[in-house]
Amino acid sequence: IESLSLKTKYIGPLSRLQKKLLSKKYDLLVILSGPEPQRGILENHLKKEIIRFKGNAIFIEGNVESEQKIVVKQNVTYYNFMNSSELEQAFNESEMVLCRSGYTTIMDLAQLRKKAFFIPTPGQYEQEYLAKKLKKEGLVPYANQSDFRMENIEEIQDYKGLPRLDSKIDWANLFEVFEK
């Protein structure tokens, strides 16, 4: 096999979100995503678990509907969904994140420099692989969906978090390959 000598450029994590220096409003951001029925199963499980969380939490259910609904119960503010700018603000105002271990989410967390706890979607093998890999590397803890208990969130303190992956990109130079 001939070896290919392709020119490559590292462009860093791709994220629609930006790190902003905002005051902390929430100790925990819970954000749900993914296909049904697993998204709904996790929502029901975490709504039972979150009541034992001691700090302030924001819980984004991931149910995109025609109208945004906000419900506050004790120390938890529930949203059925958020748009991108609202998500960016919620991430930036939160200390730590409880979420799926999808590739896009991991890039967002790296971009925002957030510590997280992962619950991979059952049957999504790439999420299971990424969660196991990042735990083994000492970066992010995880639990299987059915095993997660709110006390697990404390494991975040024992992990480094995702590394900062800043990169200086010259976008004009990068995309000049597409010019005639």
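Values below: all heavy atoms of this structure, side chains included; hydrogens, waters and symmetry mates excluded. This chain uses plain numbering: 1 for the first residue, then up along the sequence. Model, not experiment: these values are computed from the prediction.
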(message) Side chains of Glu61 and Asn80 only: does a donor on one sit below 3.5 Å from an acceptor on the other?
(response) no
(request) Please confirm whether the backbone N or O of Ser94 pairs with a side-chain atom of Lys114, one donor and one acceptor, at under 3.5 Å? (result) yes
(request) To the nearest 0.5 angstrom, please state how far the CZ atom of Phe53 sits from the CD atom of Gln74. (result) 14.0 Å
(message) Under a 3.5 Å distance rule, please check whether Asp147 uses its side chain to pair with a backbone N or O of Ala143 as donor and acceptor.
(response) no
(message) Do Tyr103 and Glu126 make a side-chain contact, defined as non-hydrogen atoms from C-beta onward lying under 4.5 Å apart?
(response) no
(request) Using distance alone, with no hydrogens and no angle criterion, decide if Arg100 and Thr121 have a side-chain donor and acceptor under 3.5 Å apart. (result) yes
(request) Run the ring-centre check on Phe117 versus Phe148 and record whether the distance is less than 6.0 Å. (result) yes
(message) Could you measure the distance from the CG atom of Asn152 to the CD atom of Glu155? Nearest 0.5 Å is fine.
(response) 5.0 Å
(request) Group every Ile, Leu, Val, Met, Phe, Trp and Tyr by side-chain heavy-atom contacts under 4.5 Å, then state whether Ile31 and Ile51 land in the same group. (result) no
(message) Is a donor from one side chain sitting under 3.5 angstrom from an acceptor on the other, for Gln38 and Gln145?
(response) yes
(request) Quick one: closest heavy-atom pair of Ala116 and Ile156, and the distance? (result) O-CG1, 3.5 Å
(request) Would you please test Lys115 and Gln157 for side-chain contact (heavy atoms from CB on, under 4.5 Å) and show each step? (result) CA-CA 9 Å; Lys115 285 199 158 192; Gln157 300 164 23; 6.0 Å; no
(request) Kindly indicate whether the side chain of Arg149, heavy atoms from C-beta on, has any atom under 4.5 Å from the side chain of Glu49. (result) yes
(request) Please report the closest heavy-atom contact between Glu88 and Arg16, naming both atoms and the distance. (result) OE2-O, 4.0 Å
(message) Checking side-chain polar atoms at under 3.5 Å, does Asn144 have a donor or acceptor matched by the opposite partner on Ser146?
(response) no
(message) A side-chain contact here means heavy atoms from C-beta on lying under 4.5 Å apart; do Tyr159 and Lys135 qualify?
(response) yes
(request) Count the heavy atoms belonging to other residues, nucleotides or ligands that lie under 6.0 Å from CD of Gln89, then report whether that count exceeds 12. (result) no
(request) Say whether Tyr129 and Phe118 are linked into one hydrophobic cluster, either directly or through other cluster members, by side-chain heavy-atom distances under 4.5 angstrom. (result) yes
(request) Find out whether Met107 and Gln111 are in side-chain contact, i.e. whether some heavy atom of one side chain is under 4.5 Å from a heavy atom of the other. (result) no
(message) Using modelled atom types and a 3.5 Å cut-off, is there a donor and acceptor pairing between side-chain atoms of Asn92 and backbone atoms of Leu22?
(response) no
(request) Could you tell me whether a side-chain N or O of Asp27 sits under 3.5 Å from a main-chain N or O of Asn56, the two making a donor and an acceptor? (result) yes
(message) Please say yes or no: joined through hydrophobic side-chain contacts below 4.5 Å, possibly via intermediate residues, are Val140 and Leu17 part of one cluster?
(response) yes
(message) Looking at Ser101 and Gln127, would you say the former's side chain and the latter's main chain have a donor-acceptor pair under 3.5 Å?
(response) yes
(request) Indicate yes or no: at least one non-hydrogen side-chain atom of Ile106 is less than 4.5 angstrom from one of Leu134. (result) yes
(request) Give, for atom CD of Glu43 and atom CG of Asn63, the distance between the pair rounded to the nearest 0.5 Å. (result) 5.5 Å
(request) May I ask you to test the Phe91-Leu29 pair for a side-chain heavy-atom distance under 4.5 Å? (result) yes
(request) Using a strict cut-off of less than 4.0 Å between a Lys/Arg side-chain nitrogen and an Asp/Glu carboxylate oxygen, indicate whether Lys24 and Glu93 qualify as a salt bridge. (result) no
(message) Once rounded to the nearest 0.5 Å, what's the spacing between atom NZ of Lys54 and atom CG of Asn75?
(response) 9.0 Å
(request) Give, for atom CG of Leu139 and atom CG of Leu130, the distance between the pair rounded to the nearest 0.5 Å. (result) 11.5 Å
(request) Using the rule that two of Ile, Leu, Val, Met, Phe, Trp, Tyr join whenever any of their side-chain heavy atoms come within less than 4.5 Å, decide whether Tyr79 and Leu32 are in one cluster. (result) no
(message) Could you walk me through whether Leu46 and Ile119 satisfy the side-chain contact (heavy atoms from CB on, under 4.5 Å) test, starting with their C-alpha distance in whole Å, then the side-chain angles of each, then the deciding distance to 0.1 Å, before giving a yes or no?
(response) CA-CA 11 Å; Leu46 292 181; Ile119 301 175; 4.1 Å; yes
(request) Please check if Ile70 and Ile60 belong to a single hydrophobic cluster, counting links between Ile, Leu, Val, Met, Phe, Trp and Tyr side chain heavy atoms closer than 4.5 Å. (result) yes
(request) Work out which heavy atom in Cys99 is nearest to a heavy atom in Leu109; give both atom names and the distance. (result) SG-CD1, 3.9 Å
(message) Closer than 4.0 angstrom, basic N to acidic O: yes or no for Arg52 and Glu151?
(response) yes
(request) Please tell me if the side chains of Phe59 and Leu28 come closer than 4.5 Å, counting only heavy atoms from C-beta onward. (result) no
(message) A side-chain contact here means heavy atoms from C-beta on lying under 4.5 Å apart; do Tyr78 and Val30 qualify?
(response) no
(message) Under a 3.5 Å cutoff, is there a donor and acceptor pairing between the side chains of Glu128 and Gln124?
(response) no
(message) Are there over 12 heavy-atom neighbours, none belonging to Lys25, within less than 6.0 Å of that residue's NZ?
(response) no
